[in-house]
Amino acid sequence: MGFFNWFSKKEENNKTTTSQNIEEKYQNILTQLEKHKKTAYLPVVENNPNSFSTHSKYGVYPYLRNENDWPICENCKLHMSLFLQLNLSELPIKKDEGLLQLFYCTNQEQDCESKLEAFFHFSKATACRKINIENHSAEIKPNNITIFKEKRIVDWQPKDDYPHFEDYAIHDLLINLDDDVYDLLDERQAGQTIVDDKLFGWPYWVQGEEYPFDRKTNSQMELVFQIGESEHIPYMFGDAGIGHLTQSPDNDEELTFGWACY
């Protein structure tokens, strides 16, 4: 065998060995990720006439307990836009009574998002709350500048969801995710964290792990809903940002919303 043939054969064997090693690492990591798999639920929506209803939905009119129940921005004094309302009795799991509501001030003329640092948890530019349903909703004409078309959530599509790599160390996942294995996971769409809108599951982090903590008990809060790369709400958090509505495991009325962008 000539030198060049020998060298070529050796290089080919090395490539085969490397590919086998990558595949073994990939299978090992996938096995570990399966142990931490959660079920997330993707919202199925349909356009709905704007209404002060108790349904799970994106946008427009919230359920109001009285005429003064619509949250007002501290900076501009306008009604905040309803981004999300979840009827807890309509959820696929963890059913409960009442509503979760997320309001967000979109007043760019007064620059409320920046002045009140809406990207941080517990910002005054957002209002997150759990409320009880009391009779029929009050109906008022809001003075806010942005009213989204209502999209009612009519169903939930379950989908496997896996921890983001920023969560590996936090949850003691002993995973060394080198570039080759990461590329293979991405290519095969395996062990991925869902980037879209979802109920429950794992957070998709944009600028590193940012779990908030209960202000009284200091417990790490848990993901309720992620607003991701979605067309359900025609609003962008910064540059293609992703937001997380989280809730305390100790107190279901301790809720907050924060976001990060690329």
Side-chain angles (χ1 to χ4, degrees), residues 1 4-44 91-94 121 155-214 218-230 237-250 256 258-262:
M1 180 184 294
F4 291 107
N5 288 336
W6 172 85
F7 183 82
S8 178
K9 186 69 173 178
K10 183 176 181 181
E11 187 177 25
E12 182 179 338
N13 289 337
N14 286 340
K15 288 181 179 178
T16 300
T17 301
T18 301
S19 296
Q20 290 174 344
N21 289 339
I22 293 173
E23 183 65 30
E24 289 175 1
K25 289 181 180 179
Y26 165 82
Q27 293 296 340
N28 179 54
I29 287 174
L30 204 57
T31 298
Q32 293 186 62
L33 288 174
E34 282 292 324
K35 298 175 183 177
H36 297 271
K37 177 176 66 178
K38 294 182 179 180
T39 300
Y41 297 87
L42 281 57
V44 178
L91 301 188
I93 59 172
K94 301 181 182 179
H121 292 286
D155 202 0
W156 299 96
Q157 178 185 352
K159 187 174 181 179
D160 292 342
D161 200 20
Y162 297 86
H164 192 269
F165 61 84
E166 295 283 357
D167 271 308
Y168 289 177
I170 300 171
H171 296 277
D172 297 323
L173 275 74
L174 302 177
I175 295 178
N176 182 18
L177 195 60
D178 57 38
D179 290 343
D180 289 330
V181 176
Y182 180 86
D183 290 342
L184 196 56
L185 286 167
D186 187 52
E187 177 185 331
R188 298 179 181 178
Q189 291 295 294
Q192 302 288 293
T193 312
I194 299 169
V195 71
D196 303 313
D197 286 21
K198 61 186 175 185
L199 177 73
F200 305 135
W202 290 94
Y204 187 98
W205 303 116
V206 176
Q207 292 189 14
E209 171 271 320
E210 295 180 304
Y211 284 105
F213 293 86
D214 186 305
N218 205 37
S219 294
Q220 180 175 290
M221 297 176 71
E222 300 170 346
L223 178 66
V224 175
F225 200 91
Q226 174 175 287
I227 298 180
E229 297 178 0
S230 165
F237 301 111
D239 183 11
I242 294 177
H244 300 109
L245 175 64
T246 51
Q247 186 176 41
S248 170
D250 301 325
T256 185
W259 60 265
C261 65
Y262 294 93

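Remember, predicted model here, so these are calculated numbers, not experimental data.
- Within 6.0 Å of NZ in Lys38 there are more than 12 heavy atoms belonging to other residues, nucleotides or ligands.
- The only option from Asn218, Thr256, Asp214 that meets the side-chain hydrogen bond (donor to acceptor under 3.5 Å, both in side chains) definition with Ser248 turns out to be Asp214.
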Go through the steps for Thr31 and Glu34 under the test side chain to side chain contact (heavy atoms under 4.5 Å, CB included), then give the verdict.
CA-CA 5 Å; Thr31 298; Glu34 282 292 324; 5.9 Å; no

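- Taken from CG in Asp167 to NE2 in His36, the straight-line distance is 10.5 Å, to the nearest 0.5 Å.
- Closest approach of His164 and Pro203 over heavy atoms only: CB-O, 3.6 Å.
- Under 3.5 Å, the side chains of Glu222 and Tyr211 contain no donor-acceptor pair of N or O atoms.
- Rounding to the nearest 0.5 Å places OH of Tyr168 at 10.5 Å from CD of Glu166.
- The two atoms that bring Gln226 and Ile194 nearest to each other are NE2-O, 3.1 Å, heavy atoms only.
- In this structure, NZ in Lys94 is found 9.0 Å from CD in Gln247, a value given to the nearest 0.5 Å.
- Contact of the Trp156 side chain with the Pro43 side chain is registered, since non-hydrogen atoms from C-beta on lie closer than 4.5 Å.
- Taking every heavy atom of both residues into account, Leu42 and Asp197 meet most closely at CG-O, 3.8 Å.
- Nearest heavy atom pair, residue Gln192 against residue Leu185, reads NE2-O, 3.3 Å.
- The CD atom of Gln207 lies 11.0 Å from the CD1 atom of Ile242; values are rounded to the nearest 0.5 Å.
- The nearest pair of heavy atoms linking Lys37 to Trp202 is C-NE1, 4.5 Å.
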In sequence, state the C-alpha distance, the side-chain angles, and the governing distance for Ile93 and Tyr41, and then conclude on side chain to side chain contact (heavy atoms under 4.5 Å, CB included).
CA-CA 10 Å; Ile93 59 172; Tyr41 297 87; 3.5 Å; yes

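- Atom OG1 of residue Thr39 and atom CG of residue Asp160 lie 6.0 Å apart, to the nearest 0.5 angstrom.
- A distance-only check finds no donor-acceptor pair linking the side chain of His244 to the backbone of Thr246 [under 3.5 Å].
- For the pair Ala40 and Phe200, the tightest heavy-atom approach, listed with the atom from each and the gap, is CB-O, 4.0 Å.
- Contact annotation: the side chain of Pro163 never approaches that of Thr193 to less than 4.5 Å [non-hydrogen atoms, C-beta and beyond].
- In summary, the side chains of Glu23 and Gln27 do present a donor paired with an acceptor at a separation below 3.5 Å, with no hydrogens or angles considered.
- Distance check, rounded to the nearest 0.5 Å: CG of Leu33 to CZ of Phe165 gives 12.5 Å.
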